[in-house]
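Contents: one structure, followed by commentary.
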Amino acid sequence: MMRENLSRQLELLNNELIEMGALCEDAIASAVKYLSTADQKLLGNAAEAERQIDRQEREIEDLCMKLIIREQPVATDLRVISSALRMTSDMERIGDQAYDISDVAKNIAPLKVGGEIQIYDMAEATVRMVTESVNSFVTKDVAAAKAVIAMDDVVDRLFDAVKNELIAAIESKSGKGELYIDLLMIAKYFERIGDHAVNIAEWVIYSVSGEHKQRPQS
């Protein structure tokens with residue numbers, strides 16, 4: 001009976017993490033759409049998603065604490081719960097940074113300048129990393145988690161491309177220096193989101209195998 005209850009609670013934990021991951025996707029998507037359209041409704045959506053992510057983090061933390069205290073899990077189950085706690089912290093930061101993108105975008109939306117293609121490519125790649133990192137946790141798929149980690153190189157290359165393009169634009173003295181600096185900040189937020197997705201993937205590997213090799217943050 002105790003094992004059945006633990007299994008049900010772990011399934012609930014999976015569902016809560018899926019919901020939190022979906023909220024992160026919504027927050028990023030709203031930020032990106034706002035950047036291109038300046039639709040004020042999307043700005044509100046990003047702010048609301050951040051609030052919901054914060055609330056979801058508290059609920060998952062509460063569930064994990066109850067599982068540890070009441071069910072006294074061991075071995076793999078304990079690793080899953082402890083990994084979930086760490087993952088929620090990274091997802092909360094993803095929500096914060098998605099909102100930060102929206103906040104910076106208020107100064108420049110709608111965006112119609114050179115370099116925006118790479119910005120949107122970065123957005124697409126980071127959303128994919130977040131989605132697949134959470135999915136790899138739910139499916140216990142170490143190979144998928146490692147694929148997310150490998151995708152970080154793609155985001156880093158895109159960031160370098162955007163940075164170099166914006167530096168060149170600033171040096172051209174086009175009179176849009178502030179705009180380009182804002183774009184660079186947005187690109188950096190996307191890079192950080194990718195870093196948090198990598199952290200999630202690394203905790204997935206730990207939850208399944210017990211091995212954790214955390215990379216230094218860029």
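Quick note: numbers below take in every heavy atom, side chains included, and nothing from hydrogens, waters or symmetry partners. In this chain, residues are counted from 1 in sequence order.
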Could you pull out all donor-acceptor pairs under 3.5 Å where a side-chain atom in residues 87-95 meets a protein atom, sequence neighbours excluded?
unit_1, atom_1, unit_2, atom_2, d
T88, OG1, A84, O, 3.4
T88, OG1, L85, O, 2.7
D90, OD1, H196, ND1, 2.7
D90, OD1, N199, ND2, 2.9
R93, NH1, D96, OD2, 2.8

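Residues L12 and Q9 are in side-chain contact: their nearest non-hydrogen atoms beyond the backbone lie under 4.5 Å apart. Counting only heavy atoms from C-beta outward, the side chains of V162 and L183 never approach each other to under 4.5 Å. Side-chain contact between D100 and V104 is absent, with no heavy atoms from C-beta onward closer than 4.5 Å. When side chains are defined from C-beta on, I101 counts as touching F190, because their heavy atoms get closer than 4.5 Å. In this structure, the side chains of V130 and T126 stay at 4.5 Å or more apart for every pair of heavy atoms. Looking at I81 and P73, their side chains come closer than 4.5 Å, going by heavy atoms from C-beta outward. Counting heavy atoms from C-beta outward, L35 and Y120 have side chains that approach closer than 4.5 Å. When side chains are defined from C-beta on, S82 counts as touching Y206, because their heavy atoms get closer than 4.5 Å.
Considering every non-hydrogen atom in both S102 and L43, the closest pair reads CB-CD1, 3.6 Å. Among all heavy-atom pairs drawn from M129 and V198, the shortest one is CE-CG2, 3.7 Å.
In this structure, D195 CG and I200 CD1 are separated by 11.5 Å, a value rounded to the nearest 0.5 Å. Atom CD of E19 and atom CG of N15 lie 9.0 Å apart (nearest 0.5 Å).
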I would like to know whether T76 and S207 meet side chain to side chain contact (heavy atoms under 4.5 Å, CB included); could you show each step before the answer? CA-CA 7 Å; T76 301; S207 71; over 6 Å; no
Decide side chain to side chain contact (heavy atoms under 4.5 Å, CB included) for E57 and E61; before the verdict, give the C-alpha distance in whole Å, the side-chain angles of both, and the deciding distance to 0.1 Å. CA-CA 6 Å; E57 181 190 26; E61 286 177 347; 3.6 Å; yes
Evaluate I119 against V32 for side chain to side chain contact (heavy atoms under 4.5 Å, CB included), listing each step before the verdict. CA-CA 9 Å; I119 289 286; V32 174; over 6 Å; no
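For E11 and R8, the salt-bridge test fails: no basic side-chain N is under 4.0 Å from an acidic carboxylate O.
Q56 and Q52 share no side-chain donor-acceptor pair at under 3.5 Å.
Looking only at distances, no side-chain donor or acceptor of D62 sits under 3.5 Å from a matching main-chain atom of R58. For the pair R192 (side chain) and Q97 (backbone), a donor-acceptor distance under 3.5 Å is absent.
Residues passing the side chain to side chain contact (heavy atoms under 4.5 Å, CB included) test with T139 are D141, sequence neighbours excluded.
Membership of an apolar cluster is not assigned to I167, as no side-chain contact below 4.5 Å to another ILVMFWY residue is traced.
A cation-pi arrangement is found for K140 relative to F137, the charged atom lying closer than 6.0 Å to the ring centre and inside a 45° cone about the ring normal.
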